[in-house]
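See below for the structure under consideration.
Here the structure is a predicted model, which is why all the values come from computation and not from measurement. The first residue of the sequence shown is numbered 1, and numbering continues consecutively from there.
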Amino acid sequence: MKSTTLITLLSSAAIMLSAITLQAKPRHKYFKTTDPEFFKTDIARQVGARILIYQRCTGGWPKNTDLVSPMTQKEVSKVLSEKSRTDDSTIDNFATTMEMRFLAQLNHANPDPRYRRAIMAGLDFLLSGQYDNGGWPQFWPDPKGYQIHITYNDDAMYNTLSLFQDIISAQAPYSDIVDEEMMEKLQKSVDKAVEIILATQIKVDGEPTVWCQQHDRDTYAPAKARAYELPSYTSLESANLLKFLMSLPNPDDRVKKAVHGGMKWLDRNKITGMRYDRPRDKDGKAYDARLVQDPQAAPLWARYYDLEECLPFFCDRDGIPRRSLDEIGFERRTGYGWYDNRPAEVYDIYNQWADRHDPDNKLTLENRES
């Protein structure tokens, strides 16, 4: 972004967000709305201005930034001084794709060349990070340690591919963003990603199951990330990878087999009659986490299942897997999501997908509430 443009942004009231209108709002509230009327408001434009300032020279964005609360002039200057950083642009924790989606909505309601330039720079950044094999690391262009792995963790790749698919669909608010050349690049990128997703799906006796949170970029084997994120079968990210495969308009036999195999694994490893209880204090902070018996509870899945026995495990920052949630310390027990119910969301999607694309091999899955 040119310096003159930055000066204009700095002098704009859009940067100094109104504390009265914004401070009481949840941090990500505005990034979850799809209401077209909201993007015509001053608040939306103010958030958009913040997004433009936080965009790095890479074209990407750092994660866990507050794009809503008011900024002082000193804070703005600090963010601008870090614009040349190349070590914190990421697709982790919804970063980059979240900002680009907001800007697309904003541009649709208030066409502005600054928004489109930022989106195009973001697309160039996303495309530049894709490995030749089709995967993405967590950070680039300067990843460190486990950041180089092919990253499904926290839906990093899924969010990227979903954005690409939405742009390719050419539906609002993406209908006037990219040209034909970029559209072709995005489609090629999606096609490459399909290949690596199929290649990294964990096979047992030749049969496809699900995925790990991250896979080695060279061997494709399940890989370790943080100390408590060990090589494993993982339910949360796998559910969305299956959803992505089921979104493909013309699935081939490999995709069909991958989807059937993944759904079979999820159904076989669901947990029934138990509830994941995470009581919170008045500030919304969890002060405990436990699994309790509840015959009426909907099915759950553990976040991790070990690769040897396919049993749930839990891990503290010491990197030692344990069988019970009660065996790990308070900080990790309450500060991480050890169970989830996302896989339940793909049952109906699977039934419709199988009826349409492969009824002869459709699985008869147990009722998800059983």
Original post:
Are any of the side-chain nitrogens in Lys188 or Glu184 under 4.0 Å away from the carboxylate oxygens of its partner?
Top reply: no
Original post:
Is the NZ or CZ atom of Arg332 positioned over Tyr228's six-membered ring, under 6.0 angstrom from the centre and within 45° of the axis?
Top reply: yes
Subject >> Verdict with supporting geometry, Tyr158 and Tyr152, side chain to side chain contact (heavy atoms under 4.5 Å, CB included) >> reply: CA-CA 7 Å; Tyr158 173 78; Tyr152 302 131; over 6 Å; no
Original post:
Do the side chains of Val255 and Val194 get nearer than 4.5 Å, heavy atoms only?
Top reply: yes
Original post:
Considering only heavy atoms from C-beta outward, does the side chain of Leu161 approach that of Val190 to under 4.5 Å?
Top reply: yes
Subject >> Ion pair check, Asp267 and Lys264, cut-off under 4.0 Å >> reply: no
Subject >> Test salt bridge (charged side-chain N to carboxylate O under 4.0 Å, His left out) applied to Arg85 and Asp87, step by step >> reply: CA-CA 6 Å; Arg85 287 185 62 171; Asp87 62 349; 3.0 Å; yes
Original post:
Below 4.0 angstrom, N of the basic side chain to O of the carboxylate: do Glu37 and Lys40 qualify?
Top reply: yes
Original post:
Are any of the side-chain nitrogens in Arg333 or Asp288 under 4.0 Å away from the carboxylate oxygens of its partner?
Top reply: yes
**OP:** May I ask you to check whether Tyr276 and Tyr339 place their ring centers less than 6.0 Å from one another?
**Re:** yes
Original post:
Do the charged groups of Asp112 and Arg114 touch, with an N to O distance under 4.0 Å?
Top reply: yes
Original post:
How about Pro222 and Ile202: do any of their side-chain heavy atoms sit closer than 4.5 Å?
Top reply: yes
Original post:
Is Asp154 paired with Arg303 through a side-chain N to carboxylate O contact shorter than 4.0 Å?
Top reply: yes
Subject >> Check: Tyr174 ring centroid to His108 ring centroid under 6.0 Å >> reply: no
Original post:
Salt bridge check: are Arg290 and Asp326 linked by an N-O gap of less than 4.0 Å?
Top reply: no
**OP:** Name the orientation class of the two ring planes belonging to Phe38 and Tyr30 (parallel below 30°, tilted from 30 to 60°, perpendicular beyond 60°).
**Re:** parallel
Subject >> Closest contact, heavy atoms only, Lys203 versus Leu198 >> reply: NZ-O, 3.2 Å
